[in-house]
Amino acid sequence: VQLQASGGGLVQDGGSLRLSCTVSGRSFGRNVMGWFRQAPGKERDFVAAITWTGASIKYADSVRGRFTISRDDTRNTLYLSMNDLKPEDTAVYFCAAKDPRYSSSAYRGSHEWKDWGQGTQVTVSS
């Protein structure tokens with residue numbers, strides 16, 4: 001399976017971007033899908049996650065109210081709409097599928113996820 005993230009770029013403080021993540025090789029199935037980000041010299045941090053029905057969505061406190069995660073299973077595509085972007089949002093953004101061996105309450109650690117995409121760079125200028 002391959003995950004291909006796209007949609008990153010350079011925006012000004014307060015701007016918006018929408019990231020996409022296309023899954024090939026298999027369907028989404030019932031996978032929980034999510035986004036992480038990694039700034040230079042920092043660990044990979046959880047951003048958002050969505051269950052296969054979309055009934056349960058989780059956000060990191062730092063992005064709640066500004067970012068929206070969604071999925072289109074007919075297109076095998078995951079999205080992250082980002083509004084009111086700030087310089088501290090600058091990072092490489094990765095999409096991933098959650099490892100089903102972990103419980104639903106375990107999602108903030110990168111080790112609980114698998115099938116990582118290659119990442120897309122988001123840069124927010126002040």
inquiry  = Under a 3.5 Å distance rule, please check whether Gln4 uses its side chain to pair with a backbone N or O of Thr22 as donor and acceptor.
reply    = no
note = Closest heavy-atom pair, Ala91 versus Arg37, reported as atoms and distance to 0.1 Å, is CB-CB, 3.8 Å
query = Near Lys86 NZ, under 6.0 Å, is it more than 12 heavy atoms from other residues, nucleotides or ligands?
reply = yes
task = Mind listing the closest non-hydrogen atom pair of Thr51 and Arg71 along with its distance?
result = O-NH1, 3.1 Å
task = Could you tell me which residues satisfy side-chain contact (heavy atoms from CB on, under 4.5 Å) with Gln2, sequence neighbours excluded, listed by chain and number?
result = Ser24
query = Counting heavy atoms not belonging to Glu88, are there more than 12 under 6.0 Å from its CD?
reply = yes
SB check Asp89 Arg66 (cutoff 4.0 Å) = yes
message = Between Thr123 and Gln121, do the side chains contain a donor N or O and an acceptor N or O under 3.5 Å apart?
response = yes
key: Pairwise side-chain contact, Trp52 with Met33, heavy-atom cut-off 4.5 Å (strictly under)   = no
request  = Nearest 0.5 Å please: distance from the CZ atom of Phe36 over to the CG atom of Leu80.
outcome  = 12.5 Å
task = Would you give the length of the straight line joining atom CG of Leu17 to atom OG of Ser81, rounded to the nearest 0.5 angstrom?
result = 10.0 Å
inquiry  = Please evaluate residues Val122 and Leu10 with respect to the criterion side chain to side chain contact (heavy atoms under 4.5 Å, CB included), reporting the C-alpha separation (whole Å), side-chain torsions for both, the decisive distance (0.1 Å), and the verdict.
reply    = CA-CA 6 Å; Val122 172; Leu10 173 63; over 6 Å; no
Donor-acceptor contact below 3.5 Å, side chain Gln118 vs main chain Ala5 = yes
remark   = OG1 of Thr90 to CG of Leu85, rounded to nearest 0.5 Å, is 8.5 Å
query = Distance from Ile57 atom CD1 to Ile69 atom CD1, nearest 0.5 Å?
reply = 7.0 Å
note = To the nearest 0.5 Å, atom CD1 of Ile50 lies from atom OG of Ser70 at 6.5 Å
inquiry  = If I compare all heavy atoms of Met82 with all of Leu19, which pair ends up nearest, and what's the gap?
reply    = CE-CG, 3.7 Å
ask   = What are the two closest heavy atoms between Gly119 and Val92, and how far apart are they?
value = CA-CG1, 3.8 Å
task = Write out all pairs satisfying ring-ring contact (aromatic ring centres under 6.0 Å, His included) with one or both partners inside residues 53-96, taking only residues at least two apart or from two chains.
result = none
request  = Would you give the length of the straight line joining atom CZ of Arg44 to atom NE2 of His111, rounded to the nearest 0.5 angstrom?
outcome  = 13.5 Å
query = Do you know which two heavy atoms are closest between Val32 and Ala49, and how far apart they sit?
reply = CG1-CB, 4.4 Å
ask   = Can you check whether Thr77 reaches Cys21 side chain to side chain, under 4.5 Å on heavy atoms?
value = no
query = Tell me, do Val23 and Asp115 make a side-chain contact under 4.5 Å, heavy atoms counted?
reply = no
query = Thinking salt bridges, do Arg75 and Asp73 make one under a 4.0 Å N-O criterion?
reply = no
ask   = Are Tyr102 and Trp116 grouped together when hydrophobic residues (ILVMFWY) are joined by side-chain heavy atoms under 4.5 angstrom apart?
value = no
ask   = Under 3.5 Å, is there a donor-acceptor pair linking the side chains of Ser16 and Asn83?
value = yes
remark   = When every non-hydrogen atom of Asn31 is compared with those of Lys98, the smallest separation belongs to ND2-O, 3.8 Å
